[in-house]
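All remarks here apply to the structure that follows.
Here the structure is a predicted model, which means the values were calculated and not measured. To find a chain, count down the sequence lines: A is the first, B the second, and so on, and within it residues start at 1. Hydrogens, waters and symmetry mates play no part in the numbers below; they use all other heavy atoms, side chains included.
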Amino acid sequence: MATPEEITQGLNPEQAEAVRHVEGPLLVLAGAGSGKTRMLTHRVAHLIASGAAWPHEILAVTFTNKAAREMRERVERLLGGGTRGVWVSTFHSTCVRILRREISQLGYESSFAIYDSDDSLALAKRVLKALDVDEKTWPPRSVRAAIDRLKNRGMLPADLAQESSLHGRRLREIYQRYQMELRRANALDFGDLLLLCTRLFENHPGVLAEYQRRWRFVLVDEYQDTNPIQYRWLRLLTAAHRNLCVVGDEDQSIYRFREADIRNILDFEKDFPGAHVVRLEQNYRSTQPILSAASAVVANNVERKGKRLFTQRGGGERVRFYEAADERGEAAFVVGDLLRLRETGESLANAAIFYRTHAQSRPLEEELLKYNLPYVVVGGTRFYDRAEVKDALAYLRALRNPADTESLLRIVNTPARGIGRTSVERVLLAAEEAQTTFWDALVRGLGALSPATQKRVGEFVALMRELARSLEGESLAQPLAQLLERTGYLRALEAENTVAVEEFERQNRESEAGDDGPRTLVDLFLEQVTLLSEADGLENTGARIPLMTVHVAKGLEFKHVFVVGLEEGIFPHFASLEDPSAIEEERRLCYVAMTRAMERLTLCNASLRRMHGSVRYNAPSRFLAEIPDELIVGRRGRVALPVPRESPPPRDAGPRIDYSDSQLAPGEDLPGVGQRVEHPIFGAGRIMEVVGGGAAAKATIRFDRAGMKVIKLKYAQLRLLD
DNA sequence: CTGCAGGGATTCTCC
DNA sequence: ATCCCTGCAG
């Protein structure tokens with residue numbers, strides 16, 4: 001095992017300070033690329049190596065499984081094994097594990113199912129129908145979102161009691177019924193995991209005390225993205241010892257829609273008096289132009305503490321910008337650039353393409369396919385989101401937890417076995433009347449079905465019982481195969497599925513150490529599948545170009561980054577245009593996107609875009625204008641002709657810009673780009689670009705009145721302004 | 001009960 | 001463009 005001294009070696013003074021801090025609250029403000037994960041992992045290792053804590057006394061919480069996995073691996077590498085017992089886990093997984101042990105205190109069974117957003121939506125629809133609520137005034141999606149918001153803010157139906165408006169009372173009623181149905185199904189939705197765990201802590205002090213004793217040190221990554229219920233949970237968990245270390249960057253808070261509250265990080269020192277504060281401001285990732293450009297953009301935000309990131313990497317290319325005629329031209333430009341990049345011997349895995357919304361991937365994919373460039377869309381429809389896979393999972397879930405009505409509804413007639421809508425409705429109603437579950441009603445033959453239908457229901461019940469028996473064994477792949485066979489569909493999927501499941505079995509056989517009680521492989525599998533996140537797909541992607549949303553890109557870094565769709569209405573997105581606070585979030589999102597780039601950052605947009613079946617002309621994103629002129633090249637519309645070189649670019653490789661002057665030599669003064677000048681004839685303007693040197697130097701100037709002109713500096717009588 | 005056609009609404013980020 | 005719902009024919 002490494003010594004404490006070895007662990008702090010190679011850290012910068014601020015990182016080392018945060019790593020050595022032991023008792024009491026600690027706030028680490030870590031700018032993009034400042035070695036945040038490094039600090040966290042070294043801190044965990046240091047706590048153990050210095051004897052301040054046993055491994056099992058440490059809890060490190062992240063937002064994604066991927067981040068958790070990475071942190072765990074890095075801690076292990078640092079300590080060489082002695083990390084068994086350290087809990088590195090997401091908020092949701094941590095709560096699941098606590099609830100599996102304790103939830104009987106809240107009147108659920110420990111075998112509870114976890115509903116994902118689709119399940120929640122289906123349940124919301126069912127509730128709205130049962131309450132006979134008009135779906136026009138209460139769109140199911142909005143209802144689901146409203147309930148989710150309430151949960152993220154820590155509110156159960158009872159907390160809406162004082163609500164007096166008709167709308168408010170109605171929502172309360174719907175929420176109450178929704179919650180009741182969840183309980184009847186012995187299921188928790190995502191929001192419940194945090195909310196119920198917090199309620200458990202609040203109402204059962206003995207349980208809380210046990211976990212407070214167990215985890216004497218709590219570390220939280222991406223603290224700027226915590227929402228009120230996560231905040232409450234953390235406060236409770238650390239109330240006894242206050243050994244809470246949070247790491248975050250207010251400029252990277254991008255989950256407002258999930259009720260993330262940026263004030264959690266802004267007010268940390270107020271909330272935890274005596275908190276020690278460390279700022280990590282040295283960036284180890286990006287070149288200066290990229291860092292400066294990103295900083296200049298986010299500097300336009302009001303809701304921030306403000307910081308100065310710096311790097312010791314001199315020189316570097318300026319940020320590049322390309323405006324295409326339409327979205328296909330945009331894709332063509334990006335792909336053309338990638339082809340040229342590959343010509344230089346660069347691996348395409350070092351590049352990435354980011355967009356604001358998943359829907360933007362389409363034209364890029366088409367263009368990539370055209371040139372046979374391998375790519376992978378990260379996120380979007382995950383394997384486990386595919387309808388057939390969800391069907392198979394619904395079988396497993398219903399088998400493990402027959403109370404899970406949502407899963408049963410999904411499969412009772414899938415594949416079609418003659419139990420149609422009407423029959424299902426009848427059984428549901430009968431179950432409601434008999435105050436029992438859907439499954440129980442099926443078993444008891446409630447609902448006054450026709451003999452033919454009754455027979456088919458009986459066959460379904462028999463099938464489920466048979467499958468349930470096969471799940472009792474050790475294996476998972478085997479009963480799953482049987483399930484797919486007996487249900488008579490999914491043949492095409494079978495092979496694929498089985499491989500994935502066998503891999504899962506292998507991994508979990510080895511790490512079977514748990515104090516989780518009598519839980520089967522199936523339960524573990526279902527749990528992990530449900531809690532998988534978007535970014536978790538980015539493993540073993542090989543030399544394929546990853547395409548992803550900016551949200552998915554958070555926490556990653558690439559040598560070459562392309563961001564497409566920098567247009568008003570896309571990025572920033574429509575929904576945020578009217579709300580200054582929402583615009584700030586979009587700006588942070590832009591900051592996140594830009595700071596992923598290590599060496600070269602390319603921003604693109606299209607003047608015309610076809611979307612949702614119509615044509616839009618979006619103005620260039622305001623964020624582009626916020627980048628100082630001297631840090632960006634290739635302003636709008638100046639596409640150079642392809643220049644034949646020694647190694648010509650691939651034919652037909654899309655449009656290109658001559659960026660030959662975009663390199664900044666280390667230490668070289670920036671050219672007069674961005675300078676305001678006055679011309680005797682054209683009046684005031686701003687230098688957009690300077691090409692060539694000495695007597696041949698020509699400047700492109702955008703005059704306030706006269707527009708763009710190219711002027712030979714030698715002859716022009718320019719007067720510098722400001 | 002099943003499958004298909006047509007119409008209306010919607011448009012984002014996700015654990 | 002796409003999803004989702006409803007209505008209708010077999």
Side-chain angles (χ1 to χ4, degrees), chain A residues 61-68 89-96 114-118 120-122 125 129 135-136 139-142 144-145 148-149 151-152 188-195 222 225-227 229-230 253-260 327 354-363 378-382 385 387 413-425 449-450 452-453 456 527-537 548-554 565 569-577 582 585-586 588-590 592-593 609-616:
Chain A
V61 193
T62 63
F63 276 83
T64 65
N65 294 297
K66 183 183 188 320
S89 191
T90 64
F91 273 104
H92 289 86
S93 307
T94 308
C95 287
V96 169
I114 302 169
Y115 277 8
D116 68 12
S117 357
D118 283 352
S120 304
L121 183 64
K125 277 182 195 160
K129 195 166 278 175
E135 288 207 2
K136 289 280 189 298
R141 292 177 66 92
S142 315
R144 199 204 73 80
D148 200 45
R149 254 196 313 279
K151 290 188 174 180
N152 283 330
L188 276 64
D189 65 12
F190 282 142
D192 276 345
L193 297 178
L194 262 299
L195 179 53
E222 310 275 18
D225 283 326
T226 50
N227 60 31
I229 193 66
Q230 288 163 332
S253 175
I254 56 173
Y255 284 103
R256 211 172 79 113
F257 66 92
R258 214 167 58 194
E259 299 297 296
E327 77 281 353
F354 303 159
Y355 35 73
R356 176 67 179 81
T357 67
H358 287 300
Q360 289 168 258
S361 74
R362 188 58 84 69
V378 187
T381 11
R382 304 169 297 173
D385 275 343
N413 199 32
T414 311
R417 50 172 71 88
I419 307 174
R421 260 198 308 265
T422 329
S423 308
V424 169
E425 287 294 329
L449 304 173
S450 71
T453 314
R456 291 191 282 256
E527 187 170 306
Q528 289 195 17
V529 161
T530 314
L531 294 178
L532 271 186
S533 73
E534 295 286 313
D536 296 326
M548 65 191 95
T549 64
V550 182
H551 282 89
V552 170
K554 183 156 86 152
I570 304 275
F571 199 177
H573 192 266
F574 295 106
S576 61
L577 294 180
E585 171 122 332
E586 296 287 314
R588 290 191 291 267
L589 202 49
C590 184
V592 167
R609 186 175 292 272
R610 278 163 285 258
M611 52 191 306
H612 310 303
S614 64
V615 171
R616 294 189 58 97

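One atom, CD1 of Ile570(A), and another, P of dT13(B), lie 12 Å apart when rounded to the nearest Å. Spacing between atom CD of Glu222(A) and atom P of dC15(B) amounts to 12 Å, rounded to whole angstrom units. Look at CD1 on Ile229(A): it is 19 Å from P on dC15(B), rounded to the nearest Å. Taking atom CE on Met548(A) and atom C1' on dC14(B), their separation rounds to 16 Å, with Å as the unit. Glu586(A) has its CD atom 8 Å from the C1' atom of dT13(B), to the nearest Å. Regarding Phe574(A), its CZ atom lies at a distance of 11 Å from the P atom of dT11(B), rounded to whole Å. One can place CD of Gln360(A) at 17 Å from P of dA1(C), the figure rounded to the nearest angstrom. One atom, CG of Leu193(A), and another, C1' of dC14(B), lie 14 Å apart when rounded to the nearest Å.
Between the side chain of Arg456(A) and the backbone N or O of Ile419(A) there is no donor-acceptor pair closer than 3.5 Å. Between the Asp189(A) side chain and the Ser117(A) main chain, no donor and acceptor come within less than 3.5 Å of each other.
Checking the phosphate oxygens (OP1, OP2) of dC12(B), no side-chain nitrogen or oxygen of Ser576(A) falls inside 4.0 Å. Listed pair Arg362(A) / dT2(C) meets the phosphate criterion, a side-chain N or O lying under 4.0 Å from OP1 or OP2.
Residue-level contact check: Ser423(A) touches the backbone only, with heavy atoms under 4.0 Å from sugar-phosphate atoms and none from bases.
Among the nucleotides dC12(B), dT13(B), dC4(C), the one closest to the side chain of Lys125(A) is dC4(C). Closest to the His573(A) side chain, of the nucleotides dC12(B), dC15(B), dC1(B), is dC12(B). Relative to the side chain of Thr549(A), the nucleotides dC15(B), dT2(C), dT13(B) differ in distance, and dT13(B) lies closest. Set against dT2(C), dC14(B), dT13(B), the side chain of Thr357(A) has dT13(B) as its closest nucleotide. Among the nucleotides dC12(B), dC1(B), dC14(B), the one closest to the side chain of Val552(A) is dC14(B). Side-chain proximity of His551(A) to dT13(B), dC1(B), dC15(B): nearest is dT13(B).
To the nearest 0.5 Å, the span separating NE2 on His92(A) from CG on Leu193(A) amounts to 5.5 Å. How far CD of Gln360(A) is from CE of Met611(A): 7.0 Å, rounded to the nearest 0.5 Å. Rounding to the nearest 0.5 Å places OG of Ser576(A) at 8.5 Å from CZ of Arg256(A).
Ring geometry for Tyr255(A) versus Phe257(A): interplanar angle of 30 to 60°, hence tilted.
A salt bridge between Arg362(A) and Glu327(A) is absent, with no side-chain N of the basic residue lying under 4.0 Å from a carboxylate O of the acidic one.
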Please test Lys151(A) against Leu194(A) for side-chain contact (heavy atoms from CB on, under 4.5 Å), starting from the C-alpha separation and ending with a verdict. CA-CA 8 Å; Lys151(A) 290 188 174 180; Leu194(A) 262 299; over 6 Å; no
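With centroids closer than 5.5 Å and planes inclined by less than 30 degrees as the test, Phe257(A) and the base of dT13(B) pass as a stacked pair.
A donor and an acceptor atom sit less than 3.5 Å apart, one in the side chain of Arg356(A) and one in the base of dT13(B).
Residue-to-nucleotide proximity on DNA chain B shows that, of Arg456(A) and Ala575(A), the 5′-proximal contact is made by Arg456(A).
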Could you run through nucleotides 2-10 of chain B and give me one letter per nucleotide, 5' to 3': B if any protein heavy atom sits under 4.0 Å from the base, S if only the sugar-phosphate is that close, - if neither? S--------
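Here the separation of dT13(B) from dC4(C), taken at their P atoms, is 14 Å to the nearest Å.
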